[in-house]
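Ligands are counted one by one from 1 in listed order, and the atoms in each one are counted from 1 as well. Quick note: residue numbers are just sequence positions, from 1. Because only heavy atoms are used, hydrogens play no part in the values below, and waters and symmetry mates are left out as well, while side chains stay in.
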Amino acid sequence: MKLYDSSRREKVPFIPLEEGRVRMYVCGPTVYDDIHIGNARTFLSFDVIRRWFTEQGYEVTFVQNLTDVDDKIIKRGQERGVEAAQIAATYTEEFINITRQFGILEPTIRPRATQEIGPMIEMIQELIAQGYAYELNGDVYFAVRSDKEYGHVSGKNIDDLMAGARIEADETKRDPLDFALWKSAKPGEPTWDSPWGPGRPGWHTECAAMVHRYLGMPIDIHGGGADLQFPHHENESAQAESCWHTPFANHWMHTGMLRVNGEKMSKSLGNFFTLKEILEKHSPAALRLLMLQTHYRSPLDFSFERLEGAQGALERIANTIANLAWAAEKALQEEPAETSEFAQKTADMCSAFSDCMDDDFNTAGALAEVFELVSASNSYLDSGSALCARDCLMAHDALLWALGVLGIEVPSVQVDELPKELIDLAREMSGYQGESVQEASQLLIDTRAQARKQKDWPLADVIRNAVSALGLLIEDTANGTRIKRA
Ligand code: AMP
Ligand code: ZN
């Protein structure tokens, strides 16, 4: 397996630190509002990465934090006249609900910043004791220049950063690049007691302390959106490595940004759609399919046309899967002596799919394989020749496996989706007494077959016409007859 390590800026083989295990940490949301589909893209990408590791037999420990104290949460609370904790509680619940609806697996551990203040204070004390941090009027800063490795996560050079740094008028820090580990309390803000007086931790401190506490260092993979690589990830790493003198993360992975009309989707630009509003009208599977059709590192251009396109593609896949299931039941039961061309295609698709996923989680390539098998299946089903049940089932299972690995739930397409009017028709034509559309359609097929056998052509025609009046079609194939939508 290979992955693109964004701090080394190259694809590298993945070798777990501990055999058979993957320990990964992905920065979670700041819970001050509903997440937008840009955020969702990052969480989805790591969900699929995690699923693929699990599929490959690794035991994955996946930690994701909730930033439940932060400037944005405090500001939102002030705007609405409620406690910051209330805002955080509301949007934590929303986040958990909506990501679950989107099929994102729960993290193994989901620590919350406000529950981790003690370990953060200990880490800051340790950094001060070792000379990496200093206190200034109740704030504590990390002295960036004390860390000789600073810049290695994002590939930035400290002097370039210095040249670009903005020096604030009221700047009291020793160096403009230094960042806050602890912020002294301002009136009306949530606070915790600390050796430096009441205050709250800085954002970067949170993840460093949680990685150390819940996973131990180094971890295999640290991930997040590309916008977090600098300064957030650089600063997390600087603190943790300075404090514990151990590498922080073996690999860094960053996702590309979701864009609308070429611009990054973000709250501040106002060009966002929340995940909640999209899932009110569209299926989670269609959004997942759309997102996974682009490689996780590339920018992804979102549009409703593309979402509708993905919905259509999903329905085509679902129909093919249903047709394969139908054909597997009706087709020739004997097993052919040799591997057929179609069975070979299925096997090839499975291995090409795995190769794509093993090559830096190339879901776009993996899905192209799925679409190829869908077309091969359709050609096989429509070939007019006798079908092999085993081969149909193999392709059916392969498609379900591939989509399952990506977390794409296939909409069920069943004969039951045929209109209920078929029941009335079967009552009239065949004396049917039950309530199942599936049974009714089978009975109509049988009655028509019986009529044809007895050369009762008018009756056979009446049934055909009545069925077609419902917008349906009686289809005779080499493997049997069925009623389907015209
Ligand atoms: P935040 O709550 O702002 O910290 O963001 C949560 C996650 O979403 C982070 O990993 C961000 O990098 C990621 N993110 C934010 N905007 C986008 C976007 N437009 N596309 C992809 N990921 C994003
Ligand atoms: Zn983080």
Side-chain angles (χ1 to χ4, degrees), residues 6 24-49 62-73 75-76 87-88 91-92 94-95 98-99 102 104 107 110-113 116 120 123 153-154 179 181 201-215 219 221-240 248-249 252-275 278 287 290-292 294-303:
S6 35
M24 59 194 288
Y25 183 95
V26 176
C27 300
T30 305
V31 281
Y32 72 105
D33 208 338
D34 287 322
I35 61 160
H36 60 63
I37 55 172
N39 306 131
R41 186 209 186 185
T42 288
F43 300 134
L44 169 71
S45 302
F46 286 101
D47 180 61
V48 171
I49 289 167
F62 187 102
V63 179
Q64 180 164 71
N65 66 312
L66 285 165
T67 300
D68 59 353
V69 57
D70 166 272
D71 290 342
K72 286 185 260 189
I73 301 174
K75 186 162 164 261
R76 184 59 47 92
I87 297 289
Y91 290 109
T92 293
E94 291 281 350
F95 175 74
I98 199 69
T99 46
F102 193 32
I104 291 178
R110 201 196 300 271
R112 295 161 197 237
E116 305 288 328
M120 288 189 238
M123 185 178 88
V153 173
S154 54
F179 58 89
L181 303 176
W203 174 37
H204 317 306
T205 306
E206 186 185 318
C207 295
M210 290 183 193
V211 164
H212 179 259
R213 177 163 188 201
Y214 291 102
L215 290 166
I219 55 172
I221 295 171
H222 193 314
D227 56 340
L228 298 191
Q229 190 168 5
F230 187 86
H232 182 55
H233 288 161
E234 193 68 63
N235 290 355
E236 277 185 36
S237 176
Q239 290 169 71
F248 186 49
W252 288 90
M253 293 179 78
H254 290 102
T255 52
M257 293 293 106
L258 181 139
R259 312 188 297 198
V260 230
N261 301 325
E263 257 185 329
K264 176 189 167 187
M265 179 173 285
S266 75
K267 284 270 156 62
S268 53
L269 290 174
N271 60 350
F272 63 91
F273 305 108
T274 65
L275 182 57
I278 296 285
L287 184 58
L290 171 129
M291 289 189 179
L292 297 180
T294 302
H295 188 272
Y296 78 88
R297 280 192 288 121
S298 308
L300 184 156
D301 286 301
F302 176 81
S303 71

Inset, instruction - Apply side chain to side chain donor-acceptor pair (under 3.5 Å) to Tyr91 and Asp68, showing your working. - result: CA-CA 9 Å; Tyr91 290 109; Asp68 59 353; over 6 Å; no
Inset, instruction - Assess whether side-chain contact (heavy atoms from CB on, under 4.5 Å) is satisfied between Lys264 and Asp227, documenting all intermediate values. - result: CA-CA 10 Å; Lys264 176 189 167 187; Asp227 56 340; 3.0 Å; yes
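Within a radius of less than 2.8 Å around the Zn ion (ligand 2), the protein N, O or S atoms are Cys27 SG, Cys207 SG, His232 NE2, Glu236 OE2.
Gln229 and Ser154 get closest at one heavy-atom pair: NE2-CA, 3.7 Å. Taking every heavy atom of both residues into account, Glu206 and Met120 meet most closely at CA-SD, 3.6 Å. What you find for Val69 and Ile73 is that their closest heavy atoms are N-CD1, 3.7 Å. Here the shortest heavy-atom pairing between Thr255 and Gly225 reads OG1-CA, 3.2 Å.
The aromatic rings of Trp252 and Phe248 are tilted relative to each other, their planes meeting at an angle between 30° and 60°. Using a 30° and 60° split on the angle between ring planes, Phe95 and Phe43 fall in the perpendicular class, above 60°.
The side-chain contact (heavy atoms from CB on, under 4.5 Å) test with Phe302 singles out one residue from Ile278, Thr294, Asn271, Asn261, and that residue is Ile278.
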Are there any N/O pairs under 3.5 Å between ligand 1 and the protein, and if so, what are their distances?
| residue | atom | partner | partner atom | Å |
| --- | --- | --- | --- | --- |
| ligand 1 | 2 (O) | Thr30 | N | 3.2 |
| ligand 1 | 5 (O) | Asn39 | ND2 | 3.4 |
| ligand 1 | 8 (O) | Asn39 | ND2 | 3.1 |
| ligand 1 | 10 (O) | Gly225 | N | 3.1 |
| ligand 1 | 12 (O) | Gly225 | N | 3.3 |
| ligand 1 | 12 (O) | Asp227 | OD1 | 2.3 |
| ligand 1 | 19 (N) | Leu258 | O | 3.1 |
| ligand 1 | 19 (N) | Met265 | O | 2.9 |
| ligand 1 | 20 (N) | Gly38 | O | 3.4 |
| ligand 1 | 20 (N) | Leu258 | N | 2.8 |
| ligand 1 | 22 (N) | Gly38 | O | 3.0 |
| ligand 1 | 22 (N) | Thr42 | OG1 | 2.7 |

